[in-house]
Amino acid sequence: MIIDAILKINPKAEVVVRGEDIDTCEIEFYNGTAEISKADIKAMIPTLEQELKDAETKKINDKASAKSKLKALGLTDDEIEALQG
Amino acid sequence: MSKLEVDAIEPQSGTTLTLGASGDTINVAAGATAGFGKILQVVQGTHTTPVSNSTSTYADTGLTASITPISTSNKILVLVNQSYLIQNTTASQAGGAIRLMRDTTVISGGVERFELYFRVVGDTNRSLYGRQTINFLDTPSSTSALTYTTQLARYVSGDSISTSPSNMEASIILMEVAG
């Protein structure tokens, strides 16, 4: 999650992160990558977590919406299941 | 020290022949071939702290183990089981590599940085968890302490590779095999 947050702030960041706790991990920036503060990284983590949740919710909603549209077209539940693989 | 030269040794009674006592070391001379006991010592290292790398420069994963061979003619069988995670942030692909080092020498893997790879056209923020195994029979020709480690690097800009994600254990086993 730490490196995800860094790449969210700077998608081209070249960085090595050792450890999983933002307060105690070691972060090394390479190849001219501008240093990002731990405070900024920490602030980005909830945004990232929310994006992941939103993406998951969207996937569930899209699936339900597609299923109801297919049902409206007259497909049975078994046929819809077969389409979903 | 005295030297015993015989063609056969058999137990005086019963069926068990014991060599040495607790705390002793029984060695097979350099160049000699033993008909038994090919594995002379075994060392294991484990690691659970995540390390992530978004650069193309190899970085240590923290997984390490050291061994001192008894003879220069012996070999070291290295067995690595490394947990990993590769992720794409911006590109439609992600990749990385994990390589095995003996001290500062690359001995296996990492020739290409897409040894671990996936492609998801038109999609980002995808993850692939897995385990990389490296089995390598090393011929170090040394009786000095040897340290084996693994290193990781990502493939293209915007990718990242992590080892021991979510504290998944990684292990390295070193076995000295009589030469």
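First the proteins, then the strands, lettered A, B, ... as listed; each starts at 1.
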_A side-chain contact here means heavy atoms from C-beta on lying under 4.5 Å apart; do B:Ser54 and A:Ile3 qualify?_
yes
*Interface residue of largest heavy-atom contact number with chain A, from B:Gly158, B:Ser157, B:Ser166, under 4.5 Å*: B:Ser157
*asked:* Applying a strict under-4.5 Å side-chain criterion to I, L, V, M, F, W and Y, I'd like to know whether B:Val80 and B:Ile76 cluster together.
replied: yes
*For the hydrophobic clusters of this structure (ILVMFWY residues joined by side-chain heavy atoms under 4.5 Å, transitively), does one cluster hold both B:Leu174 and B:Ile107?*
yes
*Are B:Leu152 and B:Phe114 linked, directly or through other ILVMFWY residues, by side chains that come within less than 4.5 angstrom of each other?*
no
_Checking an interface table here. Which of residues 49-65 of chain A come within a heavy-atom distance under 4.5 Å of chain B?_
A:Lys59
*If you group Ile, Leu, Val, Met, Phe, Trp and Tyr by side-chain heavy-atom gaps below 4.5 Å, do B:Ile86 and A:Leu48 land in one group?*
no
Show which side-chain atoms of residues 94-105 of chain B pair as donor or acceptor with protein atoms under 3.5 Å away, not counting sequence neighbours.
residue: B:Arg99; atom: NE; partner: B:Gln151; partner atom: OE1; Å: 2.9
residue: B:Arg99; atom: NH2; partner: B:Gln151; partner atom: OE1; Å: 2.8
residue: B:Arg102; atom: NE; partner: B:Asp138; partner atom: OD2; Å: 2.7
residue: B:Arg102; atom: NH2; partner: B:Asp138; partner atom: OD1; Å: 2.9
residue: B:Arg102; atom: NH2; partner: B:Asp138; partner atom: OD2; Å: 3.3
residue: B:Asp103; atom: OD1; partner: B:Thr147; partner atom: N; Å: 3.1

*If every non-hydrogen atom of A:Leu7 is compared with every non-hydrogen atom of B:Ser160, which pair is closest and at what distance?*
CD1-CB, 3.9 Å
*Linking Ile, Leu, Val, Met, Phe, Trp and Tyr by side-chain heavy atoms under 4.5 Å, what else ends up with B:Met168?*
B:Leu85, B:Tyr129
*First locate atom OG of B:Ser162, then atom CE of A:Met1, and finally report the distance between them rounded to the nearest 0.5 Å.*
11.5 Å
*asked:* Does any backbone or side-chain atom of B:Asp60 lie under 4.5 Å from a heavy atom of chain A? Answer side chain, backbone, both or neither.
replied: both
*Is there side-chain contact between A:Lys8 and B:Thr89, with at least one heavy-atom pair below 4.5 Å?*
no
*Going by residue number, which parts of residues 14-38 of chain A are within reach of chain B, meaning a heavy-atom gap below 4.5 Å?*
A:Glu14, A:Val15, A:Val16, A:Val17, A:Arg18, A:Gly19, A:Glu20, A:Tyr30
*In terms of heavy-atom proximity below 4.5 Å to chain B, should A:Asp4 be classed as side chain, backbone, both, or neither?*
side chain
*Connected via hydrophobic side-chain network under 4.5 Å: B:Phe118 and B:Ile161*: yes
